[in-house]
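I have a structure here, written as structure tokens, and I will follow up with some questions on it.
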Amino acid sequence: MIFYSTENKNNKVTLSQAVIQGLADDKGLFMPEKIKALPASFFENISSMSFQEMAFEVAKNFFGEDIPEEALKDIVYDTLSFDTPLVKVNENIHSLELFHGPTLAFKDVGGRFMARILRYLLNEEKENVNVLVATSGDTGSAVANGFYEVDGIKVFVLYPKGKVSNLQEKQFTTLGQNITALEIDGTFDDCQALVKEAFMDQDLKSRHKLTSANSINVARFLPQAFYYFHAWAQLSAEEKAKEVVVSVPSGNLGNITAGIIAQQMGLPIHRFIAANNENDVVYEYIQTGEYKPRRSVETIANAMDVGAPSNFARVLDLYQHDHKKITAILEGARYSDQEIREIILRVAKDHNYICDPHGATGFASLETALKEDQVGIFLETAHPAKFNETMEDILGDIEIPEKLKAFLNKEKKSIALSNQYNDFKTLIDQIAF
Ligand SMILES: *Cc1c(COP(=O)(O)O)cnc(C)c1O
């Protein structure tokens, strides 16, 4: 498969280049040249296939030309070592629970897949690589756990000191081995700026092979299409005959873009909703046609605190930059912190279901948007216990799953660094491949 840059369709690369490079050299995002529709037989059989079998069929569409079947099958099966069950919340709304993986968030799917495909591609090219990732919480844990003990890859997780929760911090500072946690004396923006500067530093890059693992990477965002198929497969025959609306709690838009790609492969999704918190640039674009990126503000759905969504360029590209075409399929919604708190409380009371602050925006947007006879699915993007302080404020004590508790009992290991680029560079020179 050939991938092109959203900045220039003539700037084309192979799968291996797209994955190892991350971002195109013209700063565009890579897009698959073809989005092939799956055959009718696939949709006829979908409900009798396992999640892994179905995902393998989807994966072949994008990666089958470049990776032999057996190797690709191993990558897909190994990635999906957990399920994404569809759980009924009320009469016509279901929750797609994406939090049954190692770090209890949907990013596990992309993180695990990317680590495995990168290892495969590096073995082909006999190379080692360093992954740099800046995190405000969830990305760091999914990437660190996805890449943990993968040969030939060292991961550096940069995070702002004192600004991630204890639970989140433990998920990427306790692993050790090929994972190095860097506690930066600064903000998340400082962490991101250090990573960006490293990618532009030709001197550093002449000594070390560097790549990124955020959702701009095709190997992280495309596999997220898998669970949209699995969600639809779990609907009853009666529900499958209805119009299906999918709501995605959105930040950088990687998740929803993968859903749109699933739809373009033939998955019968009627409409998508991009649910925002107070960081509502996408909502505003949908309403007005004007895209005005800005600084993000802090909210209780903090994984969606994004002021300039990195995958917006992909959405524009998929619809030829046409606002009319985009709004024909995509609508927006926005919720304040106060509204999110009320939704969580109400859903717990009325439906005996616990939404996390991100999923809550998805549920509420469906309540508002669904027409009679439509079925709604929202993506429950993380386990509520990951946000235990917020959740306890709203609902009182909540249960922490064993998987999370296990991280809490381990010892934090991290390297403290200033937010000065030279300190970061010196450290990379000392310990990177
Ligand atoms: C990352 C994240 C999001 C946002 O996903 P995007 O792909 O960036 O739109 C939503 N919810 C949770 C819990 C997340 O970790």
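In listed order, ligands and their atoms are each counted from 1.
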- Query: Does K60 make a cation-pi contact with F56, if we ask for NZ or CZ under 6.0 Å from the ring centre and within 45° of the axis?
  - Reply: yes

- Task: Check side-chain hydrogen bond (donor to acceptor under 3.5 Å, both in side chains) between T174 and all other residues, then give those that pass, not counting sequence neighbours.
- Result: none

- Kindly indicate whether the side chain of N90, heavy atoms from C-beta on, has any atom under 4.5 Å from the side chain of V347.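 The answer is no; the side chains never approach within 4.5 Å.
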
- Query: Do we get K325 above Y319's six-membered ring, with its NZ or CZ under 6.0 Å from the centre and within 45° of the axis?
  - Reply: no

Pairwise, report which nitrogen or oxygen atoms of ligand 1 are under 3.5 angstrom from protein nitrogen or oxygen atoms, and how far apart they are.
residue	atom	partner	partner atom	Å
ligand 1	7 (O)	G254	N	3.2
ligand 1	7 (O)	N255	N	2.9
ligand 1	8 (O)	N252	N	2.8
ligand 1	9 (O)	G251	N	2.8
ligand 1	9 (O)	N252	N	3.3
ligand 1	9 (O)	L253	N	2.8
ligand 1	11 (N)	T381	OG1	2.8
ligand 1	15 (O)	K107	NZ	2.5
ligand 1	15 (O)	D138	OD2	2.8

- Rounding to 0.5 Å, atoms NE2 (H100) and NZ (K403) come to a distance of 8.0 Å

- Apply the test salt bridge (Lys or Arg N to Asp or Glu O under 4.0 Å) to residues D280 and R294: give CA-CA distance (whole Å), side-chain angles for both, the deciding distance (0.1 Å), then the verdict. CA-CA 10 Å; D280 57 355; R294 49 184 167 259; 2.8 Å; yes

